[in-house]
Amino acid sequence: MYEKTFESTKLVTPGGASPANWTQMIFVTPWDAFFCANTWEWARVFRDGTKVAYGTPSGGYTALPRVGGYTCFYSGSGRIYGAYEIDQLPNPNEVLNPDWPIPYALAPWTNVGAFLDDQNQRYLYQPNANSVRVYDLRIGTILGTITHNTGEYFKSLNWVQHGQVAGICSGSGKIKIMDYLFDLNVVEAGRIDPHRVAAYDSAFQVLVSIGVDNKTRVYCREAWPSALSNPVFDPATVYGLQGNTVKVRLTGQEGEPCPGWWVHWELASAGGAPLGYLDKYVSKTDKAGYAWNIYFGPDDNTIGPCKIKAWTELN
């Protein structure tokens, strides 16, 4: 699970005559804040939970994220319109898909997010709860499919960086960062807490959500440790009077590696005095989540059981 670094005390409460839950959240680069929508209200929301309402949804527009960290709007005609940079309201004079009107069957809706990259002429849509389909924005042909197998639709597909989007599930909190331009695959998996809506903050490379309690939460992309494997020797055979490599692996809730964490080591008693010694008593996990050490057997060829303990501290 990604590490939570902030939780607001302010509440981002939906407004309107009959307040409804938030349905969309998109990071907007010129604002350095988020566009949030519900049935009755468009609002600008900041990371600390400050909300500024500024518009009322009208005209049958459905908001979706756009390449570079912008908002755009799908209309019932199949056209996608850009947004004015200052207020992110729909700009009917800027048609982003002039060649291919997107069929209503491929349109984004409340619980099924879509994504537009008009720079590279790509449109992303979810045909089912386990994949994302990539379309050519000029002619509507299918260029490929990204299989993620979350078993849940992404409520939001947010821009991460060139050629990458973050698919975010609101019910389970699952995150899949996907390459849609080159390899068409999942490049990173993570998880945050279940929420109403969430977005990827491409300015700081973090995820921000509005929870079911209407608090904002910020998560960094560093996986929060969930399990540390038992120490194992590599190779498995242990010899005295020489160095023997031993390793552990630190992983997150989804089994993803946790790099950059310190692992502490101890040579402990197994019914008598510890035999031999360790090369180091602390080491850091690598990109694959492994931390390494070297065990040296006793120099007098003493034979007996030996226990190696490893742990990490979560601050």
Side-chain angles (χ1 to χ4, degrees), residues 1-7 148-150 160-161 164 166 172-179 183 185-194 200-201 204-209 217-315:
M1 184 166 175
Y2 289 143
E3 180 182 359
K4 181 173 67 177
T5 59
F6 174 78
E7 180 176 301
H148 54 76
N149 291 326
T150 62
V160 174
Q161 62 182 23
Q164 291 185 1
S172 65
K174 292 179 181 178
I175 308 292
K176 302 286 184 176
I177 296 178
M178 299 167 286
D179 179 341
D183 297 326
N185 62 355
V186 175
V187 298
E188 182 179 317
R191 188 190 291 265
I192 61 176
D193 295 306
Y200 189 86
D201 181 341
F204 289 95
Q205 305 296 311
V206 296
L207 290 119
V208 180
S209 71
R217 292 173 176 86
V218 179
Y219 303 83
C220 71
R221 279 175 64 180
E222 179 180 340
W224 189 249
S226 176
L228 182 67
S229 70
N230 291 324
V232 294
F233 285 99
D234 185 17
T237 302
V238 180
Y239 298 94
L241 301 176
Q242 70 177 52
N244 300 272
T245 302
V246 60
K247 64 181 180 180
V248 292
R249 190 168 191 242
L250 186 65
T251 54
Q253 189 175 6
E254 301 296 309
E256 70 276 25
C258 295
W261 285 81
W262 290 105
V263 172
H264 300 265
W265 302 83
E266 179 186 348
L267 193 60
S269 171
L275 300 177
Y277 62 95
L278 294 168
D279 178 56
K280 60 188 74 173
Y281 289 91
V282 65
S283 59
K284 185 178 286 189
T285 54
D286 60 18
K287 291 182 179 180
Y290 287 102
W292 304 79
N293 209 334
I294 298 175
Y295 168 73
F296 294 92
D299 55 13
D300 59 359
N301 286 325
T302 302
I303 298 175
C306 185
K307 183 186 293 185
I308 298 176
K309 296 172 61 177
W311 71 94
T312 190
E313 296 180 356
L314 306 180
N315 295 323

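Model, not experiment: these values are computed from the prediction. Just the heavy atoms: all of them, side chains too, but no hydrogens, waters or symmetry mates, feed the values below. We're numbering straight along the sequence, starting at 1.
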**side-chain contact (heavy atoms from CB on, under 4.5 Å) assessment of D193 paired with K4** = CA-CA 9 Å; D193 295 306; K4 181 173 67 177; 4.2 Å; yes

Gap separating the [atom1] atom of [X] from the [atom2] atom of [Y], nearest 0.5 angstrom:
| X | Y | atom1 | atom2 | value |
| --- | --- | --- | --- | --- |
| I175 | H148 | CD1 | NE2 | 12.0 Å |
| E256 | E222 | CD | CD | 11.0 Å |
| R191 | Y2 | CZ | OH | 11.5 Å |
| N185 | E188 | CG | CD | 12.0 Å |

**Request:** Could you go through the side-chain contact (heavy atoms from CB on, under 4.5 Å) check for E266 and H264 one step at a time?
**Result:** CA-CA 7 Å; E266 179 186 348; H264 300 265; over 6 Å; no

**Prompt:** Hey, do the aromatic rings of W261 and W224 have their centres closer than 6.0 Å?
**Reply:** yes

Any donor-acceptor pair under 3.5 Å linking the side chain of [X] with the backbone of [Y]?
| X | Y | result |
| --- | --- | --- |
| K284 | G260 | no |
| T312 | W262 | yes |
| S283 | W292 | yes |
| D201 | Q205 | no |
| T5 | C220 | no |
| D286 | A288 | yes |

**Message:** Between W265 and V282, does the side-chain contact (heavy atoms from CB on, under 4.5 Å) criterion hold? Intermediate values first, please.
**Reply:** CA-CA 6 Å; W265 302 83; V282 65; 5.5 Å; no

**Prompt:** Can you tell if the side chain of N230 reaches within under 4.5 Å of the side chain of V248, non-hydrogen atoms only?
**Reply:** no

**Any K176 side-chain heavy atom under 4.5 Å of T150 side chain** = yes

For [X] versus [Y], what's the shortest heavy-atom pair and its separation?
| X | Y | answer |
| --- | --- | --- |
| T237 | N244 | O-OD1, 3.9 Å |
| P259 | K287 | CB-CA, 3.8 Å |
| P257 | G289 | CB-N, 3.7 Å |
| P231 | I308 | CG-O, 3.5 Å |
| L267 | C306 | CD1-SG, 3.3 Å |
| P225 | C258 | CA-SG, 3.7 Å |

**Item:** CA sep, side-chain torsions, deciding dist, call: Y295, V238, side-chain contact (heavy atoms from CB on, under 4.5 Å)
**Value:** CA-CA 9 Å; Y295 168 73; V238 180; 4.2 Å; yes

**Prompt:** So which pairs with a foot in residues 237-253 pass salt bridge (Lys or Arg N to Asp or Glu O under 4.0 Å), sequence neighbours left out?
**Reply:** D234-K247

Only distances under 3.5 Å count here; give the side-chain donor-acceptor pairs of residues 273-280 to other protein atoms, sequence neighbours excluded, each with its distance to 0.1 Å.
none

**Prompt:** Are side-chain N/O atoms of Y200 and R221 paired as donor and acceptor at under 3.5 Å?
**Reply:** yes

**Request:** Show your reasoning for whether side-chain hydrogen bond (donor to acceptor under 3.5 Å, both in side chains) applies to N293 and Y281.
**Result:** CA-CA 8 Å; N293 209 334; Y281 289 91; over 6 Å; no

